[in-house]
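For reference, the structure is listed below as structure tokens.
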Amino acid sequence: RRGRGEPREPPGPDAAFEIVARFLAARPRTRWEVERRLKRTGATEATIGATLDRLTELGYLDDAAFVRWWAEQRDRHAPRGRRLLEAELRGKGVPREVIEGFRESYATPERTPEDASLPASDDERARVALEAHLRGRPLPEDPKALQRVGMFLVRRGFDPETARRTLRRYHEPSDAES
């Protein structure tokens, strides 16, 4: 056993693979996140490269699959606008090309029966985010309060026009109520 403050020996390929396996057990990760994790352990560049290549071969590291998973989790639990979602992905180290490829599919996603409960557009995502924010309370009538609600949607990554459109639609009585 080593004591506190004693330098660690860099992990070999097998140890690095075990470290990453535990890291990936919690949730999918990007290649960049895994690389950072291995660098913190003091692994050599050769070990890091070999581990990343092996994980990619085995299908455990796929940034495009991570992006799809991340967007689905956001849609399911905390809807975000495209701008904020892309900022989160950049923060996770997703390459620009992968984000650009995702951008087209996010605007018009292919729906499966399992996805039927997920919002399909930014307008729907904004509506879901607004409903979660209001928690059953009515939309405020006061212009300042209404502006604050609109800014909430903008902070969630929705563009100002989507926020305005969502507030207008939410404020209008639906056909079912007429």
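Basis for what follows: all heavy atoms, side chains included, without hydrogens, waters or symmetry-related copies. Quick caveat, the model's predicted, so the values are computed rather than measured. Numbers here are sequence positions counted from 1.
With sequence neighbours excluded, the residues forming a side chain to side chain contact (heavy atoms under 4.5 Å, CB included) with P28 are F66, W69, listed by chain and number. In this structure R90 satisfies the salt bridge (charged side-chain N to carboxylate O under 4.0 Å, His left out) test with no other residue, sequence neighbours excluded. Judged as a salt bridge (charged side-chain N to carboxylate O under 4.0 Å, His left out), and not counting sequence neighbours, E18 has no contacts. By the salt bridge (charged side-chain N to carboxylate O under 4.0 Å, His left out) test, E33 is found to be paired with R27, K92, residues two or more places apart in sequence or in another chain being considered. For F23, there are no ring-ring contact (aromatic ring centres under 6.0 Å, His included) partners, not counting sequence neighbours. Taking A78 as the reference, R74, R80 meet the side chain to side chain contact (heavy atoms under 4.5 Å, CB included) condition, with sequence neighbours excluded.
Pairing each heavy atom of L84 with each of G157, the nearest pair is CB-CA, 3.5 Å. Contact between G42 and P10 at its shortest, heavy atoms only, is O-CB, 3.2 Å. Across every non-hydrogen atom of V154 and P160, the tightest pair is CG2-CA, 4.1 Å.
Enclosure of atom OH in Y60 is not indicated, since only 12 or fewer non-hydrogen atoms of other residues, nucleotides or ligands lie within 6.0 angstrom. For E131, the CD atom is densely surrounded, since the number of other residues' heavy atoms within 6.0 Å is greater than 12. The neighbour count for R168 CZ, taken as heavy atoms of other residues, nucleotides or ligands under 6.0 Å away, is above 12.
With respect to the salt-bridge test (charged N to carboxylate O, under 4.0 angstrom), the residues R165 and D123 qualify. Ion pair R125/D75 flagged as a salt bridge, since at least one NZ, NE, NH1 or NH2 atom sits closer than 4.0 Å to an Asp/Glu carboxylate oxygen. Ion pairing between R54 and E57 fails under the 4.0 Å rule for side-chain N and carboxylate O. Checked for salt-bridge contact, E35 and K39 meet the test: a charged N lies under 4.0 Å from a carboxylate O.
Proximity of L130 to L167: side-chain heavy atoms (C-beta onward) are separated by under 4.5 Å at one or more points. Side-chain atoms of L153 and T162, non-hydrogen and from C-beta on, never get closer than 4.5 Å to each other. Residues R37 and V20 are not in side-chain contact: their nearest non-hydrogen atoms beyond the backbone lie 4.5 Å or more apart.
Atom CG in D14 sits 11.0 Å away from atom CD1 in I19 (nearest 0.5 Å). Annotation: the span from R83 atom CZ to E88 atom CD amounts to 13.0 Å, rounded to 0.5 Å. Atom CZ of residue R96 and atom CG of residue L89 lie 13.5 Å apart, to the nearest 0.5 angstrom. Atom CG of L85 is separated from atom CZ of R103 by 11.0 Å, given to the nearest 0.5 angstrom. The distance from the CG atom of D63 to the CZ atom of F102 is 13.0 Å, given to the nearest 0.5 Å.
The closest donor-acceptor contact from the side chain of R31 to the backbone of D62 lies at 3.5 Å or more, if one exists at all. In this structure a side-chain-to-backbone donor-acceptor pair under 3.5 Å is missing from R29 to A25.
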